[in-house]
Structure formats: structure tokens, C-alpha cells
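Below, all heavy atoms of this structure are taken into account, side chains as well, without hydrogens, waters or symmetry copies. To find a chain, count down the sequence lines: A is the first, B the second, and so on, and within it residues start at 1.
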4 protein chains.
Amino acid sequence: MSSQASHPEAGPVPPPKWQRRKEERPSEILAAAAETFVEHGYAATKLDEVARRAGVTKGTLYIYFEGKEALFKAVVRENIVPLLLSAEQSLGDEGAPADQLLRDLMYNWWRGMNAAHLGGIPKLVMSESANFPELAQIWFDEVVVRGRELFGQVLRRGIARGTFRPVDVDLAVRVFLAPVLMAAIWKHSMVACEKDGFPVEDYLRISLDILLRGLQVPAAAGTEKRDA
Amino acid sequence: MSSQASHPEAGPVPPPKWQRRKEERPSEILAAAAETFVEHGYAATKLDEVARRAGVTKGTLYIYFEGKEALFKAVVRENIVPLLLSAEQSLGDEGAPADQLLRDLMYNWWRGMNAAHLGGIPKLVMSESANFPELAQIWFDEVVVRGRELFGQVLRRGIARGTFRPVDVDLAVRVFLAPVLMAAIWKHSMVACEKDGFPVEDYLRISLDILLRGLQVPAAAGTEKRDA
Amino acid sequence: MSSQASHPEAGPVPPPKWQRRKEERPSEILAAAAETFVEHGYAATKLDEVARRAGVTKGTLYIYFEGKEALFKAVVRENIVPLLLSAEQSLGDEGAPADQLLRDLMYNWWRGMNAAHLGGIPKLVMSESANFPELAQIWFDEVVVRGRELFGQVLRRGIARGTFRPVDVDLAVRVFLAPVLMAAIWKHSMVACEKDGFPVEDYLRISLDILLRGLQVPAAAGTEKRDA
Amino acid sequence: MSSQASHPEAGPVPPPKWQRRKEERPSEILAAAAETFVEHGYAATKLDEVARRAGVTKGTLYIYFEGKEALFKAVVRENIVPLLLSAEQSLGDEGAPADQLLRDLMYNWWRGMNAAHLGGIPKLVMSESANFPELAQIWFDEVVVRGRELFGQVLRRGIARGTFRPVDVDLAVRVFLAPVLMAAIWKHSMVACEKDGFPVEDYLRISLDILLRGLQVPAAAGTEKRDA
DNA sequence: AATGAATGAGACTTCATTCAT
DNA sequence: TATGAATGAAGTCTCATTCAT
């Protein structure tokens with residue numbers, strides 16, 4: 001009775017070589033799922049493809065996630081906090097000039113998003129917003145609203161310090177948020193259509209160039225100004 | 001009530017089960033399909049719903065379109081030309097100052113898109129770009145490229161006349177195109193998340209306000225001028 | 001009450017130019033249907049194709065036939081009697097030698113079947129026998145059984161007269177019926193596969209040649225004879 | 001009723017919902033499909049019925065076959081080689097007299113076809129020849145042409161040895177092939193119509209009896225002989 | 001824990017049939 | 001009578017989910 005094949009504890013614990021993967025599995029699956037959902041959208045994504053990209057089989061997905069919808073929601077939810085964090089960490093030295101802060105915010109956020117493969121989430125959420133409104137709401141509250149606050153703080157400070165001319169901050173933040181969102185969406189949709197690629201960093205640079213100039217206070221001497 | 005054979009008025013005339021509307025059907029179906037595709041995306045759209053919205057049965061769709069994919073492509077293709085036309089017609093008096101032309105272009109395009117329910121197409125195409133790359137390419141070539149040309153002309157003229165400071169026009173057009181696209185996408189995705197709605201026209205106004213200021217020639221020597 | 005538009009007898013009877021077709025329609029439709037059913041089988045036949053071949057529209061079929069199944073049954077039923085008649089008329093002079101009668105029967109039946117486009121019916125009935133058993137039964141009773149009787153009479157007479165050696169007539173008739181059926185089936189199925197076509201008449205000739213020799217009385221004492 | 005937690009033996013073990021039979025499935029499905037296609041034809045066959053006969057659900061069919069058409073083609077293709085093999089193995093001792101070889105060929109082929117349930121394929125192929133011409137061609141080339149060669153060899157040898165009188169072998173083979181095909185077709189079509197069944201073996205026997213006599217050399221000078 | 005064969009609900013699509021014109 | 005647009009039942013096929021192994 002002792003020397004049976006099915007004796008789990010018969011010998012010393014076998015080296016859990018593959019077990020190490022157990023902990024990584026969920027995040028590997030999430031990453032594969034994120035890619036696939038971003039590429040094809042929720043309904044067009046086949047779990048077979050997700051599984052293949054994650055290097056497992058379909059059945060395994062169900063060990064870690066309740067189903068397709070749960071997986072989708074996890075993809076979005078797991079990426080919301082990082083997306084915001086990435087933004088918040090993009091702020092440079094808070095003592096720096098407001099225009100510099102805005103530059104940092106936009107540039108670094110973009111770079112952070114890309115480094116962490118977070119860029120597809122905005123496109124995904126917008127594409128599926130009608131099918132998953134509560135998810136869209138979460139994303140909106142966590143990322144958009146707080147992104148707006150972030151930009152708003154900088155704008156307000158800049159205005160207070162005289163770096164920027166006074167503008168309706170609530171609206172202006174949308175103007176500054178747009179290029180980053182646009183870049184993220186574009187990179188995950190139309191970029192294949194551009195013959196020469198889309199020079200995102202150049203696009204952000206010139207956006208900032210124009211936008212920041214547009215916020216400059218009119219030349220004090222009263223000679224220059226148009227709006228009044 | 002008298003002695004009529006076969007009582008024509010015995011009861012209320014039962015409504016005919018269906019009507020023959022050969023002429024109107026295709027566009028009715030196309031409209032219903034556009035709505036549904038924009039709302040749910042290609043894969044999540046059920047032809048049952050399209051049919052219901054169009055007031056017909058599923059089978060009828062197949063009289064006018066070869067299948068789901070053909071219907072989808074028709075929706076996109078049919079709206080590409082109007083989308084561009086709407087842009088081209090947005091240009092005001094070509095003799096007007098360049099900044100005024102830019103304003104007209106952006107505002108009127110947006111209004112034209114909305115009046116003709118064309119606004120959902122950009123979002124749809126971007127969402128499905130990976131699933132229908134050739135469609136994305138067509139849209140890109142017809143709408144984006146030519147939209148860029150449109151903005152480019154105005155920018156170039158403004159620079160030539162000294163209204164705008166010199167900028168890299170190829171990049172700058174993207175900056176001006178972005179707010180319109182952004183508005184279209186937003187309206188068909190996140191708008192439901194905004195507690196107070198999204199004030200698109202205000203957004204476009206302030207975008208223009210900031211962007212146009214950002215293009216002004218620096219007040220270097222008081223030489224600022226507007227083109228005639 | 002007198003001058004109403006819906007007055008069938010208002011004027012002189014209009015020249016029934018197209019009406020002439022009314023009488024021909026059913027048989028035109030039947031012919032078109034026969035062709036199509038033979039070619040594709042019952043289930044694979046589309047009424048659209050039948051209508052097209054008959055030069056009418058689908059709706060018209062329903063004026064003359066209750067539906068697809070009724071049309072199919074009509075096709076078979078309408079051709080059963082001619083098929084048998086064609087066989088019975090194939091018999092030459094009843095006083096002729098039995099072997100000559102068998103030749104006439106086989107050849108002429110085949111030719112008659114083809115002249116009247118009846119040849120596809122056997123293949124059709126056999127193909128659909130499991131789907132329309134009662135039809136198969138009718139065909140069997142009317143054509144096969146009576147065809148067997150026809151061959152049986154000739155065989156029996158030939159045996160009685162010493163033209164043929166004694167054989168089990170009930171079985172032998174099947175042997176003589178087979179080549180005609182085979183030819184009919186082959187012509188409507190495998191003929192397209194034969195590089196050089198299928199020489200049906202040659203096939204029937206050699207079949208008869210072999211079969212009739214096979215029925216000859218053994219050369220008992222060199223007394224071989226043909227019946228008067 | 002005692003104090004067991006989670007009653008392992010509370011009731012009879014429920015039968016498992018399904019079993020894993022990766023190896024057997026394809027041939028089980030193929031067999032079920034062959035039956036059904038033979039019975040109803042391609043178009044009238046419902047995959048539901050095939051699945052039911054195979055003891056699986058519809059979806060399972062698609063694990064092993066791409067779709068209805070692929071299944072159909074597999075049915076035919078898988079049976080072509082056996083059909084021919086069955087014929088080739090029907091030849092008895094090659095040294096035997098030619099007439100004996102012909103008997104063996106016909107009888108044994110018929111029996112082999114039946115034992116392996118191959119008999120329905122000829123009927124199926126002929127019924128669907130217009131809908132699947134390339135399949136008909138394959139069947140023709142593999143079975144008919146090579147079957148003709150088989151009969152042709154025997155006939156030629158018999159003629160060479162003086163067992164058979166000289167005949168046009170290319171035509172005569174068709175005469176000998178016909179009874180087997182006829183039997184196969186009949187058994188899968190009209191047999192239900194025959195009140196007393198169709199005595200196929202008797203039919204083949206008398207066919208052979210007549211045909212072989214019909215090939216005997218005329219008793220011209222009493223030289224009739226059988227080859228050794 | 002992992003697999004992947006099997007399931008079954010649900011989608012797309014076809015086409016016989018109906019009926020307004 | 002003839003048409004053909006519209007219908008809707010029924011079939012094929014897909015794929016998220018389950019579960020025996």
C-alpha cells in the first residue's frame with residue numbers, strides 16, 4: 001500500500017517549478033485579455049484567442065475569472081487606478097512654472113501610459129461605453145474627472161500666478177485633456193492608416209506649443225490684446 | 001349597416017400586415033443600422049434590433065443588403081461622402097479672415113454632422129478599425145486626409161497673410177481636427193457619464209479661443225495684423 | 001351604381017391575347033419544375049429557379065399549385081402515366097418474334113422517354129424515395145410493376161414458343177428492366193463525368209445482344225430455332 | 001438518514017452528461033452522417049438528425065468537421081477507397097475460369113459493400129451529382145472507371161482464352177457493372193415499395209446466369225469449351 | 001490546477017409562403 | 001391574373017461555458 005503512484009506526499013515536496021506561474025497567471029491573462037479586447041472590442045473577442053495569447057487554454061480562464069464579462073471588467077478596473085496614478089506621477093516638481101507642469105503632465109502621462117500598455121483602455125472604454133455603462137461611469141469618475149482636476153489645479157495655479165490669462169478653467173481642462181485622449185485613441189485605431197505613422201510626440205509638442213501660447217497673458221502694455 | 005354583401009365596414013379595417021415601401025426601405029434600414037452599430041459596435045449589434053428599429057423583419061434586411069457585413073459597410077460608406085461634404089460646406093466666405101474661417105469650419109462642421117446624424121460614424125470607424133481595416137482606410141483617406149487638407153489650406157493662407165505665426169502646418173492641422181473628432185466621439189460615448197452633459201459648443205468655442213490665440217503672431221514689434 | 005370602375009363586363013370582351021398563355025402556364029411550370037427537381041433534387045430546388053425557368057415569378061407558381069410539395073408531386077404524377085404509356089407503345093407488332101419484341105420494348109421505350117423528357121423521373125423518384133415514400137410507391141406500382149408485367153408477357157410468350165429457354169420470369173424481368181433504368185439514371189447523373197459521353201444506344205444494343213443470347217435455348221441437338 | 005455530511009451514496013450516481021471519446025467520434029459521426037445523407041439526400045439532411053444519430057449535439061459536429069458540406073464530402077471521400085478495395089478484393093483466385101471470376105466479382109463485391117455499409121454511396125453520389133460535380137467526378141474516376149477496368153480485365157482474359165465470345169469489351173463491362181449498381185441503388189430507394197422485398201442475391205444470380213450464357217461462344221462446331 | 005471535448009443558447013441566413021399592389 | 005416585397009419558420013454555425021479526465 002505504501003508505494004503507490006498516486007501518493008502526493010510520498011516523497012519530499014517536489015520542486016514547485018511550474019507552481020511559480022500560478023501567481024503570475026491572472027496578470028498574464030489580464031494582459032492578454034486587455035490586448036485582445038482593445039484590438040477587437042468586447043463582443044468580437046474570442047476567449048480562445050485570449051487564452052492562446054496568455055499561453056493557456058480556454059478552461060483555465062475560468063479558474064481565475066468567472067467568465068468573459070468578469071474578465072472584461074477586470075481588465076478595465078485593473079487599469080483604471082494605474083491610469084490615474086500614471087497621470088498623477090506625471091506632474092513634475094510642483095514648484096515649477098505652470099506651463100512646465102502642463103508640459104510634464106501631458107508628455108509624461110502619455111509616456112507612462114504607453115510604458116504600461118495602458119493606452120488602449122480609453123479607446124476600449126469609449127467603444128464599449130453603451131454596452132457597459134457602469135464601467136464607463138467608473139472610468140469617467142476615476143480617470144476623466146480626476147484628470148480634469150489635475151489639469152485644473154495646474155491651470156488655476158498658473159492663472160493665480162499670472163502665468164496664464166484667466167479662462168474658464170472647467171472648460172479649458174477639457175481642451176488640455178483632449179490631445180492625450182486623442183493620441184491614445186488614434187494610436188489604437190487609425191494609426192495603421194497613416195502612411196508615415198503618426199508622430200504622437202510631435203503632435204503633443206505642437207499641441208502644447210499652441211495651447212500654452214493661447215493661454216499666455218496678453219502683452220501687458222495694452223498694445224497687443226484682442227479679446228477684451 | 002344596410003344590406004351590403006361582405007360587410008366592408010363590419011369592424012374596423014384591420015391594419016395591413018405590411019406595406020410596400022421599396023423606395024424608402026434602404027435608407028430606413030441604413031439609418032436604423034447606423035444608430036445600432038454606433039451604439040453597440042459591429043459584433044454586438046443584432047440584426048433583430050436593426051430590423052425592429054427599421055420597422056421590418058429580419059428577412060427584409062436581406063432583400064436590400066447581402067448580410068450583416070454588407071450592411072455595416074454600407075452604413076460607413078454611405079456616410080463618408082456626406083461627412084466630407086459637410087466639412088467642405090462648413091467653410092464660410094473664402095475671403096473672410098483665416099481665423100474666422102477656422103471658426104466656421106469647426107463650428108459648422110460640428111453642426112452639420114449633428115444635423116445629419118453623421119457624428120457617430122467617426123466613433124464607429126475607430127472602434128472597428130482593427131476589425132475592418134479597409135473600411136478604416138477609406139474613411140481615413142476620404143475624411144481625415146481631406147479634412148486635414150481643408151484645415152491646412154486655411155492655416156497656410158493665414159500664415160501667408162501674416163494672420164498666423166508660422167507653424168508646422170502638417171502637425172498643426174491635427175491639432176485643429178482633434179476637437180471636432182473628440183466632440184463626436186465623446187457625444188457617442190462618455191456623454192451619458194457627465195452629470196451636467198457635455199457642453200460641446202462651449203468646448204469648441206474655448207478650444208478655438210485658445211488655439212487661435214496660440215497661433216497669433218508674437219507681438220514682436222506691434223506689427224500684429226489681421227489679414228484683410 | 002352603373003358606371004363603376006370595377007365593371008368586369010363593362011365593354012366588349014378585350015382580346016385575350018395574353019390569356020392564351022393561361023392554359024399553357026401549368027404545363028410550362030411543370031416542365032420547368034421537372035427539370036429543376038431532376039437536376040437538384042427536391043430540397044435543393046428553389047422555387048425562384050423554377051419560376052425563372054418557367055418565365056414567371058415566384059408568386060405565379062402559387063396560382064397554379066398549392067406549394068412546393070404539390071408542385072413536386074404533380075411533376076411526378078403527371079409523368080407516371082406517360083412513362084408507362086411510352087413503354088406500352090414501345091411494343092412493336094405483337095405477332096413479331098419475342099426477341100424482336102424485347103428489342104423494340106427496350107429501345108423504343110428509351111427513345112420515347114427521351115423524346116418526352118421523361119428520363120429524369122426515375123432518377124428523381126429514386127433519389128427522393130425516402131422523403132416521399134407514397135410517391136415512390138405510386139411510381140413503383142404504375143411504372144415498375146407494370147413494366148415488369150410488360151417484359152414478363154413477352155418473356156413468357158417467348159418461353160412458351162420455345163424462343164427462350166425456361167427461366168424464372170419474375171426475376172428475369174428485373175434483368176431486362178435494369179438497362180433502361182440504368183441508362184435513365186446515368187444520363188441524369190454521371191454522364192457529365194464521362195470524358196467521351198455515354199453511348200446509351202450502344203449500351204442498350206450490347207445489353208440486348210448479351211441478354212438475348214443468354215436466353216437462347218441451349219443448342220440441344222442443333223435444333224435451335226426462333227419462334228415463328 | 002444517519003449523520004453523514006454530504007451523503008456520498010445518497011442516491012444512484014447520476015450518469016455523466018457526456019463522455020470523452022475523441023478517438024471514436026469522427027467515425028461515429030461519419031457513419032451517422034452517411035446513413036442520413038443516403039436516406040434523405042444532402043439538402044434534406046438536418047445536422048440535428050445526424051447529431052442525434054451519432055449520439056452527440058450539433059455543436060460537436062463542428063469540432064470534427066468544418067460544416068455540413070465538409071461532412072458530406074468526407075462521407076463520400078472516406079467511402080470511395082473502401083468501395084474500390086471491396087471490389088478488388090472480390091476477385092477470387094486469379095487462376096480460376098473467367099466466368100467464375102465474374103461471378104465472384106459481382107457477388108462478393110455486393111456482399112462486401114453491404115457488410116461495410118458502402119451500398120448507399122452510389123445512390124448518394126448519383127442523386128447529388130449535379131450539386132457536387134467534383135465529388136461525382138472523383139467517385140467516377142475511382143470507382144466506376146476502375147471497376148470497369150476490373151471487369152474489363154476478366155472479360156478480356158476470358159475472350160483471349162476462348163471462354164467468352166469476342167465482344168466490345170468497353171461496352172460489355174458496363175453491362176456487367178450495371179447489376180451491382182442497380183442493386184445498390186434499388187436497395188436504398190425502391191426496396192420499401194416491394195411487397196416481398198427485393199431478392200438481391202437471386203437477382204444477381206440470374207443476371208449472371210443470363211449474362212454469362214450470353215457471352216458463351218456459339219456452339220458453332222461443338223468446340224464450346226471452358227478455359228482451364 | 002489544467003485541459004479540451006462537449007454542450008446549448010443564440011446569432012446569422014435562407015427560402016417557401018403570403019399578400020398588398 | 002401577375003407581381004415581388006415582406007414575412008417568419010427553420011436551418012447552419014459560433015462560441016461562452018461546463019465538466020469529465
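Under 4.0 angstrom from either OP1 or OP2 of dT7(E) there lies at least one side-chain N or O belonging to T60(D). A close approach under 4.0 Å does occur between a side-chain nitrogen or oxygen of Y64(D) and OP1 or OP2 of dA6(E).
Residue G59(A) is classed as a base contact, given a heavy-atom separation below 4.0 Å to a base.
What you find for Y64(D) and P26(D) is that their closest heavy atoms are CD2-CG, 3.7 Å. Shortest non-hydrogen contact noted between S189(A) and S129(B) is CA-OG, 3.1 Å. Taking each heavy atom of I29(B) and L71(B) in turn, the nearest pair found is CG2-CD1, 3.9 Å. Here the shortest heavy-atom pairing between F65(A) and A74(A) reads CE2-CB, 3.9 Å.
Remark: P of dA5(F) and CD of E23(B) are 10 Å apart, rounded to the nearest angstrom. Between the NZ atom of K58(D) and the P atom of dG8(E) there is a distance of 11 Å, given to the nearest Å. Between F65(A) atom CZ and dT17(F) atom P there is a gap of 13 Å when expressed in whole angstrom units. In this structure, I63(C) places its CD1 atom 12 Å from C1' of dG4(F), rounding to the nearest Å. Going from atom CD of E28(B) over to atom P of dA5(F) covers 15 Å, rounded to whole Å. Distance CG (L61(C)) to P (dC15(E)): 15 Å, rounded to an integer number of Å. Following rounding to the nearest Å, L71(A) (CG) and dT17(F) (C1') show an atom-to-atom distance of 13 Å. Rounded to whole Å, the distance from NZ on K22(D) to P on dT3(E) is 16 Å.
For the pair R21(D) and R20(B), nearest-nucleotide mapping onto DNA chain E gives the more 5' position to R21(D). Take the nearest nucleotide of DNA chain E for Y62(B) and for E66(C): the residue whose nucleotide is more 5' is Y62(B). Nearest-nucleotide positions on DNA chain F for R25(B) and K68(D) put R25(B) closer to the 5' end.
Paired with V75(C) under the rule side chain to side chain contact (heavy atoms under 4.5 Å, CB included), one option of V50(C), L135(C), I121(C) passes, and it is I121(C).
R52(D) CZ to T36(D) OG1: the interatomic distance, rounded to the nearest 0.5 Å, is 8.5 Å.
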Dot-bracket for DNA chain E, 5' to 3', counting Watson-Crick or G-U wobble pairs under 3.5 Å, with [ ] for crossing pairs and | for inter-strand pairs? .||||||||||||||||||||
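Looking at heavy atoms from C-beta onward, Y62(B) lies in side-chain contact with L47(B) at the 4.5 angstrom threshold. Two residues are said to be in side-chain contact when any heavy atoms from C-beta on lie closer than 4.5 Å; T57(B) and D48(B) fail this criterion.
The stretch residues 30-55 of chain B touches DNA chain E through T45(B), K46(B), L47(B), each having a heavy atom within less than 4.0 Å of the strand.
Ring geometry for F72(A) against F132(A) counts as tilted: the plane angle lies between 30° and 60°, on a 0 to 90° scale.
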